[in-house]
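Here is the structure we will look at, set down as structure tokens.
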2 protein chains.
Amino acid sequence: MVTGQGPVTITDVARLAGVSPGTASKALNGRRGISAGTALRVQQAAERLGYQPNALARGLLSGRSFTVGLITTDSFGRFSIPVVQGAEDALGPGRILVFLCESRDDRLREEHYLRALLERRVDGIIVTGRRQDRREPIGRDLRIPVVYAMAYSSDPADLSLVPDDEEGGALAIRHLLGTGRTTIGHVTGPRRFRAAVLRAAGAEQALTAAGLGLAGSRTLYGEWTEEWGRRGVDLLLRSAPGLDAIFCGNDQIARGAADRLREVGRRVPADVALVGFDNWDVIAAACRPPLTTVDMNLRQLGRAAGERLLAAVDGHPGSGLQLLPCSLVVRESSRPPESRSP
Amino acid sequence: MVTGQGPVTITDVARLAGVSPGTASKALNGRRGISAGTALRVQQAAERLGYQPNALARGLLSGRSFTVGLITTDSFGRFSIPVVQGAEDALGPGRILVFLCESRDDRLREEHYLRALLERRVDGIIVTGRRQDRREPIGRDLRIPVVYAMAYSSDPADLSLVPDDEEGGALAIRHLLGTGRTTIGHVTGPRRFRAAVLRAAGAEQALTAAGLGLAGSRTLYGEWTEEWGRRGVDLLLRSAPGLDAIFCGNDQIARGAADRLREVGRRVPADVALVGFDNWDVIAAACRPPLTTVDMNLRQLGRAAGERLLAAVDGHPGSGLQLLPCSLVVRESSRPPESRSP
DNA sequence: ATTGCTAAGGCAAAGGTTTTCGCAATGCGA
DNA sequence: TCGCATTGCGAAAACCTTTGCCTTAGCAAT
């Protein structure tokens, strides 16, 4: 590597190798019609000079920039992070680079970002947001593919990827039923959250399919907080004292529930089994006992979004709202009672 | 906006406005030598066609791309996120776009990313990581400015921005002393973490300055977990039963401590005051009682990193390890006893 | 009327890379 | 020895924008 003036160009490499720039280009890109000796000389010259091709010039010509934009409407928190990571996984380090744009729910910012991305000729855009929110399409006639992840577009012609919350709720209930629990309550977040409603629906369906109903007879909607988890336990114990399991709408509620159950002398999982939702490690692992919980596989969702975007870039677009599976992570809080008695 | 073939170029705009491309460029960029009438016609033409200048072509010519790279060595978690957000704040939406690169502590990935960033002719690079880790410079003779945030470069010629952990520790202790506490213990994370050692040093200095020493006579190093917080309380109560405050190395330890103190019948803050570190909202706010804690102002740190990078791009580089102030967020867990008795 | 000045806008080059086309040389068969 | 195919490489155009320089026209001053 030589520290000359300014970045070294392919012309510099060509001169050093004693060929024309066009030939150097072919040699470096492995195109045919170049003798082995010439190719080697060019590559060595490039190596010696520390040549790095100018992606701007390359993109100008090819029309592709090998970059994508990632717009997170949420000022990105716990949910968008794994999605971003997954997208990065799919887009692969080195090949495609990701522009991170945090629009913070500000429509104006979003438009600024969109314009900036289009000016930079990104190959595609991923839009992600907090919990499953329906949202307006990011723009019209964009000429480049867009994939929505977590948040989903109100236009069914757009491709949107969201976790299957309903199935996740059913997963939790079936697991509890499978470990012998029969009197199961459900404490979750605010009703205005689609995720809360979907999870509750899945849970109730799974119970109905087993010929059972919800303990306390109805879903307790409240807040996504530990505080509400504690209060939920109190409410449930009043209306259904024989309770042997609680499915909570997220991990924070579940952790509050665990604390409260311990305080009132109910053992988890011996007396009451507990299942949360989100698999938020810092909560689920720190909970006493560690929490069984539903994982939305957000990272895989992000990865899927990246893969779908690449497919769309290559001319294979998708469309519609697609549900991705949740999975259950079993920990101590739902261990069946049998296995505890020696 | 017309949906023709391919993106509309300035030539299209010029043709519609009846001028040459060069003139159109000048009109759109507000350069002098263009009559008001022509400028208006060009702008209207651009508007009608939905013209978006090609940043690749512009960057090719100007040598600046108005993009920066952000390499997070940490698979980016709680610490890098606010830094990223702050950097975004500083770089401003629309003007400068950020390439997000997650190297995951993999040197090879990092090199791939670095190469990809250089090929795309980013104007600068911010390197951030998890807790304050000393690290190798990302590369040599890079020709573009680099700013390190959180993680810091082993080369003192590089500019590195890190939170002032030592001052943060002192802040916590001085606050506790100010509310009348005198017998203060310290439970923190593993000794191999520079942050743990620095915070402990700051704490001890503040105590020494007040003519006091640490309750239990030494810092308890352990893990960054709630579990360790609970055990730390047990250890402290054994060695210093008259304890009236605990400063914890992070919020998780503090939360464990709060739980344990409640379990053994010590009231927080009436009997024992508690101060954490990190101001991690999900922990600090959910703690019972809500946690007084030291905030590293990571977002401002990220913002500072962005601003310093811009300054460096503009020819005003900095260097050395620079400490940024922490601040104290006072909540219930350290309320002075006086104010509780009516 | 000629000169000189300014304003407005056109022309062309530059920036780095890729690609197409064409040219020259080589080798082979006739 | 000639013709032809093949191989290797160079020249130049193209991608899009910006900018310095040049031309032209209009106008004022001499």
Side-chain angles (χ1 to χ4, degrees), chain A residues 4-43 45-46 49-67 115-116 118-123 143, chain B residues 4-43 45-46 49-67 115-116 118-123 143:
Chain A
Q5 288 289 72
V8 6
T9 73
I10 201 170
T11 310
D12 300 326
V13 174
R15 186 167 17 203
L16 180 59
V19 296
S20 75
T23 302
S25 171
K26 288 173 211 160
L28 291 175
N29 294 310
R31 304 207 97 57
R32 316 180 327 173
I34 302 293
S35 72
T38 304
L40 186 65
R41 257 185 308 134
V42 171
Q43 278 154 16
L49 296 176
Y51 169 68
Q52 284 171 330
N54 186 327
L56 270 48
R58 183 180 275 171
L60 181 58
L61 194 56
S62 69
R64 283 205 53 184
S65 62
F66 291 94
T67 60
R115 198 159 49 79
L118 292 175
E119 285 184 0
R120 283 171 179 77
R121 300 297 189 262
V122 293
D123 296 331
R143 271 200 249 277
Chain B
Q5 288 290 72
V8 9
T9 73
I10 202 169
T11 309
D12 300 326
V13 174
R15 186 168 17 201
L16 180 61
V19 296
S20 75
T23 302
S25 171
K26 288 172 201 161
L28 291 175
N29 293 311
R31 305 206 94 61
R32 316 181 327 174
I34 301 294
S35 73
T38 305
L40 188 64
R41 257 185 308 134
V42 171
Q43 278 154 16
L49 296 177
Y51 170 68
Q52 284 170 331
N54 185 326
L56 271 47
R58 185 179 272 171
L60 181 58
L61 197 56
S62 69
R64 283 205 52 184
S65 63
F66 291 95
T67 59
R115 198 160 49 80
L118 293 175
E119 285 185 0
R120 284 169 178 79
R121 299 298 188 262
V122 292
D123 296 330
R143 270 200 250 277

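If you're wondering where the values come from, they're calculated on a predicted model, not measured in any experiment. Order of the sequence lines fixes the chain letters, A, B, ..., with proteins taken first and strands second; residue numbering starts at 1 for each chain.
- For the pair A:Ile10 CD1 and D:dC15 P, the interatomic distance rounds to 19 Å; values are reported in whole Å.
- A:Thr38 comes within contact range of the sugar-phosphate backbone alone, with a heavy-atom separation under 4.0 Å but no base atom that close.
- The terminal axes of the helix from C:dA1-D:dT30 to C:dA30-D:dT1, fitted over 5 pairs per end, subtend an angle of 70° to the nearest 10°.
- Taking only side-chain nitrogens and oxygens, B:Ser20 comes nearer than 4.0 Å to OP1 or OP2 of C:dG10.
- Side-chain atoms of B:Lys26 come within donor-acceptor range of the base of C:dG10, with a qualifying N/O pair under 3.5 Å.
- In this model, the phosphate group of C:dT18 is approached by a side-chain N or O of A:Asn29 to a distance below 4.0 Å at OP1 or OP2.
- When heavy atoms are screened at a 4.0 angstrom cut-off, A:Gly18 is found touching the sugar-phosphate backbone but no base atom.
- One finds a side-chain N or O of A:Thr23 lying less than 4.0 angstrom from the OP1 or OP2 phosphate oxygen of D:dG10.
- Using a 4.0 Å heavy-atom distance criterion, B:Arg32 is classed as making no nucleic acid contact.
- Within the nucleic acid shown, B:Ser25 comes within 4.0 Å of at least one base atom, counting heavy atoms only.
- Across all strands, A:Ile34 comes closer than 4.0 Å only to sugar-phosphate atoms, never to a base (heavy-atom distances).
- Rounded to a whole Å, the CG atom of B:Leu60 is 13 Å from the C1' atom of D:dA14.
- Residue A:Tyr51 places at least one side-chain N or O closer than 4.0 Å to OP1 or OP2 of C:dT17.
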